[in-house]
There are 2 protein chains.
Amino acid sequence: MATIKDVAQKAGVSIATVSYVINKSRRVNPETAKRVCQAIQELNYHPNRIAQSLVTKSTQILSVLISDITDPFFAPIVRGIEDVAVKAGYIVMVCNNDEDSSKTKRYLDSLAQHRVDGLIISPTSGIEDLKANLEEMGIPTVFVNRRSAEVEADLVESDNELGAYMGIRHLLDLGHTKIGTIIGPTTVSTYADRLSGCKRAFQEAGVTPDPSLLKTGSFHPDSGYQMAKELFAGATKPTAVFVGSGRLSRGAYQAFQEMGLGIPEQLSLVTFDDTEWTTLVTPPLTTVSQHTYQMGQMAAEILLERIKKRNTPPPLWPDEEGQKPEAIPLQHLKLKPDLIVRSSTSHLQEGVKGGECGE
Amino acid sequence: MATIKDVAQKAGVSIATVSYVINKSRRVNPETAKRVCQAIQELNYHPNRIAQSLVTKSTQILSVLISDITDPFFAPIVRGIEDVAVKAGYIVMVCNNDEDSSKTKRYLDSLAQHRVDGLIISPTSGIEDLKANLEEMGIPTVFVNRRSAEVEADLVESDNELGAYMGIRHLLDLGHTKIGTIIGPTTVSTYADRLSGCKRAFQEAGVTPDPSLLKTGSFHPDSGYQMAKELFAGATKPTAVFVGSGRLSRGAYQAFQEMGLGIPEQLSLVTFDDTEWTTLVTPPLTTVSQHTYQMGQMAAEILLERIKKRNTPPPLWPDEEGQKPEAIPLQHLKLKPDLIVRSSTSHLQEGVKGGECGE
DNA sequence: AACGCTTATCTAAACGTTTAGTTAAACGTT
DNA sequence: AACGTTTAACTAAACGTTTAGATAAGCGTT
């Protein structure tokens with residue numbers, strides 16, 4: 001591939017001049033500039049970003065570290081990031097960690113070596129390394145979707161507490177009190193918050209939920225399936241269920257179908273995450289919808305801002321006196337989810353009110 | 001961030017020595033090596049891949065250029081690529097072009113500048129630039145999912161002809177003859193192939209399909225919706241429909257639901273692509289399932305092979321005499337799709353046989 | 001004619017590695 | 001004691017850019 005040297009030679013100028021016309025970083029005689037441009041064209045010259053990066057210390061690469069791009073929840077986040085990244089001249093690296101901290105560690109190392117300009121991460125719990133790594137590498141980082149207990153940094157998340165609150169509240173408003181709750185591991189901030197939201201809704205309504213109706217499991221749809229079955233194996237049968245994640249709801253929904261539960265007659269169902277299939281099933285599901293694409297966009301915008309004014313916030317870098325005036329406060333965005341009421345929820349029917357006398 | 005110089009200084013050796021212990025590229029006194037390793041640890045040294053790349057001319061970056069990561073068809077492909085890439089020490093850049101050739105062009109430029117080691121691309125039709133770009137940049141490339149008429153390169157695709165054949169054949173076997181076909185733009189190899197497959201199935205069965213029952217549209221679900229409606233607006237009503245893509249089937253399925261068509265009693269439905277929701281709807285759909293994850297894996301493996309023996313195949317680089325003995329022949333993998341028979345298809349019922357006499 | 005200013009271009013150092021080639025010490029042979 | 005061989009480490013060029021500073025020509029003042 002042609003180098004700047006080739007271009008310079010062809011145009012009969014020094015390489016510095018070529019650099020100046022490319023970057024418009026100094027005045028260049030229009031005539032000369034034209035010759036240079038022509039040479040660039042003819043040689044199909046692509047400036048070597050590697051060499052550029054080495055001297056400018058900027059790679060124009062953003063990285064995203066998530067659980068799994070295959071998850072319909074994460075894909076739009078990544079897409080949102082990509083769209084704003086591209087607009088700003090960045091390109092994005094995608095990293096899947098499958099909620100596995102050793103994969104995370106390896107990726108962070110790799111990203112550090114590649115000297116990516118920034119990182120957007122949906123953190124897995126229990127990464128103590130994370131803090132150390134992030135700090136020492138000094139890569140501008142914004143958290144997306146989940147918080148990390150260990151590290152303070154910019155954050156874009158949904159208002160999960162509110163989302164869950166709205167879901168449960170909706171069911172309560174419809175007269176349900178025996179409400180089953182299926183949720184992921186509460187070590188993760190999203191689920192912890194959603195659980196709080198559920199509790200608040202119950203409390204406000206003066207309803208004390210049967211503790212046997214609360215199920216917490218893992219991330220996997222299978223776990224959702226499992227929990228759904230358990231919910232109806234207990235003494236108190238719920239008349240409504242709130243499933244606290246899209247992935248879990250896939251499994252749970254399958255379980256409900258297998259059990260032949262009529263929705264919404266026998267079971268009112270509210271689900272977190274408004275993925276593709278929620279409107280395709282019959283009846284279409286009432287969901288708490290997160291603005292995933294926008295979440296990605298916001299995260300990327302904040303990250304770019306951080307990169308521009310390269311002042312890592314206080315908690316990551318100990319306050320150096322000289323820096324202070326420029327420091328941007330830590331951003332913490334909370335996107336309001338929407339409750340989309342469809343046909344999987346309905347008023348509690350007198351006939352099916354009790355659960356104990358169930359089928 | 002610490003540099004190799006810092007490490008050398010701390011360990012009391014030259015930078016060359018440090019390089020040797022890192023890369024194990026020369027014998028180093030074990031004692032010295034230990035000192036170096038310790039220095040690396042203490043400084044949390046991450047070798048600067050930028051600098052490495054500049055001299056080794058290898059970035060350890062693979063890139064994937066697809067329509068949209070948000071599409072449940074592409075996500076597993078990317079995941080397959082990522083998994084084999086990571087195992088080989090590569091990291092992957094994801095690029096969405098939204099089937100837009102100008103975005104493609106910009107991305108190719110960008111990737112060229114970043115000097116990515118390889119490219120996996122699902123080509124959009126009508127990119128004449130593609131050929132020129134790919135050739136001049138000399139980036140090892142493998143096509144995935146779709147062929148490009150313009151450029152010859154390694155290719156991993158589904159046997160789309162076979163997939164469609166199986167789908168139609170299945171419907172014919174069930175006694176259907178008025179079979180509607182909904183398919184994407186036949187300028188794209190996938191759809192062209194699928195159309196051929198449909199035709200072959202009809203031909204073999206001695207059935208001449210009503211031309212009004214063949215609809216071709218765009219990529220978008222809306223287009224699927226549109227075509228589904230049109231299909232039942234015509235004079236000949238189909239008793240079965242074959243939808244030739246997952247994205248289109250989303251729209252089509254919605255249309256069928258709106259029209260209140262009983263599946264499979266009034267309409268037997270076969271759909272391409274076995275995405276998440278096909279088993280969640282009632283009844284679960286009969287689908288032609290592509291092995292997308294595996295497709296990504298294979299593509300990445302072939303690409304890595306190409307990168308290793310860096311012999312760009314004949315069509316891209318004119319045959320130089322010296323190279324010949326090493327050249328690997330162009331790979332062309334065709335993954336067989338599976339017909340998964342579920343409950344959306346059934347034997348043609350006598351009562352609904354005709355279509356002309358409407359509902 | 002000498003001076004300073006502007007404009008256009010060039011020179012060369014720097015970025016952080018890899019690696020071929022060199023040096024130097026240590027050791028075994030003769 | 002002189003020599004070759006092995007081992008271990010060093011020196012310096014190269015990779016392809018950016019960019020500060022130097023140079024030099026052209027021009028308007030005085």
Rounded to whole Å, CD1 of B:Ile22 lies from P of C:dT19 at a distance of 12 Å
A:Gln113, CD atom: more than 12 neighbouring heavy atoms under 6.0 Å: yes
For A:Ile4 and for B:Tyr20, locate the closest nucleotide of DNA chain D by heavy-atom distance; then report the residue assigned to the nucleotide nearer the 5' terminus. B:Tyr20
Side chain of B:Ala16 - closest among C:dC15, C:dT18, D:dT11: D:dT11
What is the separation between atom CZ on B:Arg26 and atom P on D:dT11, rounded to the nearest whole Å? 14 Å
For B:Asp6 and C:dC15, what is the distance between atoms CG and C1' respectively, to the nearest whole Å? 13 Å
Options C:dC15, C:dT17, C:dT11, nucleotide nearest the side-chain atoms of B:Ala51: C:dT17
Is any NZ, NE, NH1 or NH2 atom of the basic residue among A:Glu157 and A:Arg146 found under 4.0 Å from an Asp or Glu carboxylate oxygen of the other? no
Expressed in angstrom and rounded to an integer, what is the separation of B:Arg27 atom CZ from D:dC10 atom P? 16 Å
Closest of C:dT18, C:dG16, D:dC10 to the B:Thr56 side chain is C:dT18
Heavy atoms under 4.0 Å, any strand shown: does B:Ile50 hit a base, just sugar-phosphate, or nothing? nothing
Residue B:Ser14, side-chain heavy atoms: nucleotide from D:dT11, D:dG16, C:dT17 that is nearest: D:dT11
Categorize B:Thr3 for me: base, sugar-phosphate, or nothing, with a 4.0 angstrom heavy-atom threshold over every strand shown. sugar-phosphate
With the side chain of A:Thr32 defined as its heavy atoms from C-beta on, choose the nearest nucleotide among C:dT9, C:dG16, C:dG21. C:dT9
Find the distance B:Ile15:CD1 to D:dT11:P and express it as a whole number of Å. 10 Å
What's the closest nucleotide to the B:Asn29 side chain, out of C:dC10, D:dT17, D:dA9? D:dA9
Quickly work out the B:Gln52 CD to C:dT18 P distance and round it to whole Å. 5 Å
Step by step, would you call B:Val142 with B:Leu155 a side chain to side chain contact (heavy atoms under 4.5 Å, CB included)? CA-CA 6 Å; B:Val142 1; B:Leu155 166 66; over 6 Å; no
Determine: side-chain N/O of A:Lys57 to OP1/OP2 of C:dG16, distance under 4.0 Å, yes or no. yes
Scanning all shown strands, the Watson-Crick or wobble mate of D:dA2 with both distances under 3.5 Å is C:dT29
A:Lys103: which of A:Asp98, A:Asn96, A:Asn97 passes side-chain hydrogen bond (donor to acceptor under 3.5 Å, both in side chains): A:Asp98
Salt-bridge present (B:Lys309, B:Glu305; N to O < 4.0 Å): yes
To the nearest angstrom, how far is A:Asn23 atom CG from D:dG16 atom P? 17 Å
Just how far, in rounded Å, is C1' of D:dT17 from CD of A:Gln9? 17 Å
